[in-house]
Protein chains: 2
Amino acid sequence: MTNIAQSGDAALKPCTHDYQVNCGNCRLNSICLPLALESDDIQQLDDIIQRSKPLQKNQHLYREGDEFQSVFAVRSGTLKAYKTTDDGREQVTGFYFPGEILGMDGISNNAHASSAKALETAAICEIPFVSLEKLSALMPNLQRHFFQLMSHEITEDQQLITLLSKNSADERVAALMLSISGRNARRKLSATQFRLPMSRVDIGNYLGLTVETVSRVFSRMQKMEVLRVDNKEIEILDPDGLRSIANLGQ
Amino acid sequence: MTNIAQSGDAALKPCTHDYQVNCGNCRLNSICLPLALESDDIQQLDDIIQRSKPLQKNQHLYREGDEFQSVFAVRSGTLKAYKTTDDGREQVTGFYFPGEILGMDGISNNAHASSAKALETAAICEIPFVSLEKLSALMPNLQRHFFQLMSHEITEDQQLITLLSKNSADERVAALMLSISGRNARRKLSATQFRLPMSRVDIGNYLGLTVETVSRVFSRMQKMEVLRVDNKEIEILDPDGLRSIANLGQ
DNA sequence: CTGCTACCTTGATTCACATCAAGGTGATTG
DNA sequence: CAATCACCTTGATGTGAATCAAGGTAGCAG
């Protein structure tokens, strides 16, 4: 609706993205949209999507307890989702890269069950849930797609559960690197070289480890020449080695 | 469809349940059904539900990789869902009590992402997913309800993630006991006395602990007079004590 | 009743990761 | 260009739960 994009801060954008974005021309649509939508279906979906939320680093997209109204698609940048336990500790429940959808945990209670904040400047598509529901009832493909998205979130969480409950520190870190690598590949970026958007603290928190352990694992993998680690820059030197360390589904 | 119930095994049923069950008269419908459904909506839902699957202990409802066709509601008994990692280890991802829905993790890939087996004799309602989709498109309340159910599964998984990544053995076991207690209460059963349907191995597996640790925690809690434990019979002697051990969102 | 099997408990020892402690690096700022 | 801060690394030590080991108990089959 409201026309964002072209304004002010052109100088600091870490990754330029399309002016006049819409779902039809968005290069992420193969990731976030149902593949089988007809082009005028896409137009209808496009009409309900709001693109008015560019976030600066550390800004919140929503907070735990906020009224649930929309789900969100990441257009650029990265976000983390986290819950705060009553004794003040934080649990990172996920990282969200471009093309991925977040906020679905809020549907259950009409309130967001976690908070989401930008790890770097991020452009977001907001999808009002009531509109989405109405549209879903009319477009079977869209309904199916959203069921699938939610189901996918469930299976991802179950992966993480397994990781946390059965795997060593090395395995966990390796699995995360492979996950990020795979998600980069899906967006046609390098699967072997990337910059981690999150801090060691966030990684540790997500994986149920302390910062020190994460750091040590990175050092160890560097020594083994599986990774090259330069602060947040990661290069996977030996993908097979990494996979064998991760010790998961291949 | 096929008419189950009245047949053979009446003698061994651990919990008698209604003959000629239907959603309208099922005493679990406040748990598993959308509260806001009109009664002829319930009739339509009832028509697509199949009740042809009474499971014996250790029988599978579905296995990882099976084609996904239905989601399932537990009518009596308990099931566990689990994934097998490629190196043969098992990860229990959830326990399902009467009134609860399972199988939604299969939607994402049209194949079940986990296996489900009965921990004791169990009666199941099968809900074919294509019918459910069609009906959802016609009944906004039903569509909403299923979105909520899936979202709820996500938030539950996130709870478990937090538990596994941040909490001690005592806290994990306490949290599980409270969860089971709460789910019993919801079904109008005792919140303080119940029989665990799962083994110590399953508990440990679910909570990321070994059998020995689970056993020690039970012993410790018994010594502290928070629980009375007699094999699978549990009595919560001090609910507040248990909550304070669990150390979660109160 | 006897033996078998599955499951649970308890103790002794070990180990992976947490915790504690210190120092390093790089970016930002007055 | 010091100073501050946020973040990362490395080392020394401690600890909660895993592992190893041995019995105990209940249900079931013969």
Problem set entry | Listed nucleotide nearest any side-chain atom of B/Ser199, set D/dC8, C/dC8, D/dA17 | C/dC8
Exercise. Starting at CE of A/Met198 and ending at P of D/dC8, how long is that distance when rounded to a whole Å?
Worked result: 11 Å
Problem set entry | Contacting residues from residues 213-237 of chain B, given that a heavy atom lies under 4.0 angstrom of DNA chain D | B/Thr213, B/Arg216
For this session: May I ask you to check whether B/Tyr96 and B/Phe72 place their ring centers less than 6.0 Å from one another?
Result: no
Exercise. Is the number of heavy atoms from other residues, nucleotides or ligands within 6.0 Å of CZ (B/Arg63) greater than 12?
Worked result: no
Problem set entry | Residue A/Glu212, side-chain heavy atoms: nucleotide from D/dA17, C/dC20, D/dC20 that is nearest | C/dC20
Exercise. Does a salt bridge link A/Lys57 with A/Glu120, judged by any charged N lying under 4.0 Å from a carboxylate O?
Worked result: no
For this session: Starting at atom CG of B/Leu207, determine the distance to atom P of D/dA17, rounded to an integer number of angstrom.
Result: 12 Å
For this session: Specify the separation, in whole Å, of atom CZ of A/Arg195 and atom C1' of D/dC8.
Result: 13 Å
Problem set entry | Verdict with supporting geometry, A/Ile161 and B/Leu164, side chain to side chain contact (heavy atoms under 4.5 Å, CB included) | CA-CA 7 Å; A/Ile161 288 168; B/Leu164 290 172; 3.6 Å; yes
Problem set entry | Rounded distance in Å - CZ (A/Arg172) to P (C/dA18) | 8 Å
For this session: Take the angle between the ring planes of B/Tyr62 and B/His112 and call it parallel below 30°, perpendicular above 60°, tilted in between.
Result: parallel
Problem set entry | Separation of atom CZ in A/Arg200 from atom P in D/dT10, rounded to whole Å | 10 Å
Problem set entry | Nearest-Å distance for atom pair CG/P, residues A/Leu163 and C/dC17 | 12 Å
Problem set entry | Value in whole Å for how far the P atom of D/dA17 lies from CD of B/Glu171 | 9 Å
Exercise. Does NZ belonging to B/Lys232 count more than 12 external heavy atoms closer than 6.0 Å?
Worked result: yes
Exercise. Is the distance from OP1 or OP2 of C/dC17 to the nearest side-chain N or O of A/Thr210 less than 4.0 Å?
Worked result: no
For this session: Applying salt bridge (charged side-chain N to carboxylate O under 4.0 Å, His left out) between B/Glu100 and each of B/Arg187, B/Lys80, B/Arg186, report the one that passes.
Result: B/Arg186
Seminar exercise, completed: Between NZ of B/Lys57 and P of D/dG27 the distance, given in whole Å, is 12 Å
For this session: Quick one: label B/Gly204 by what it contacts on the DNA or RNA (base, sugar-phosphate, nothing), any heavy atom closer than 4.0 Å.
Result: nothing
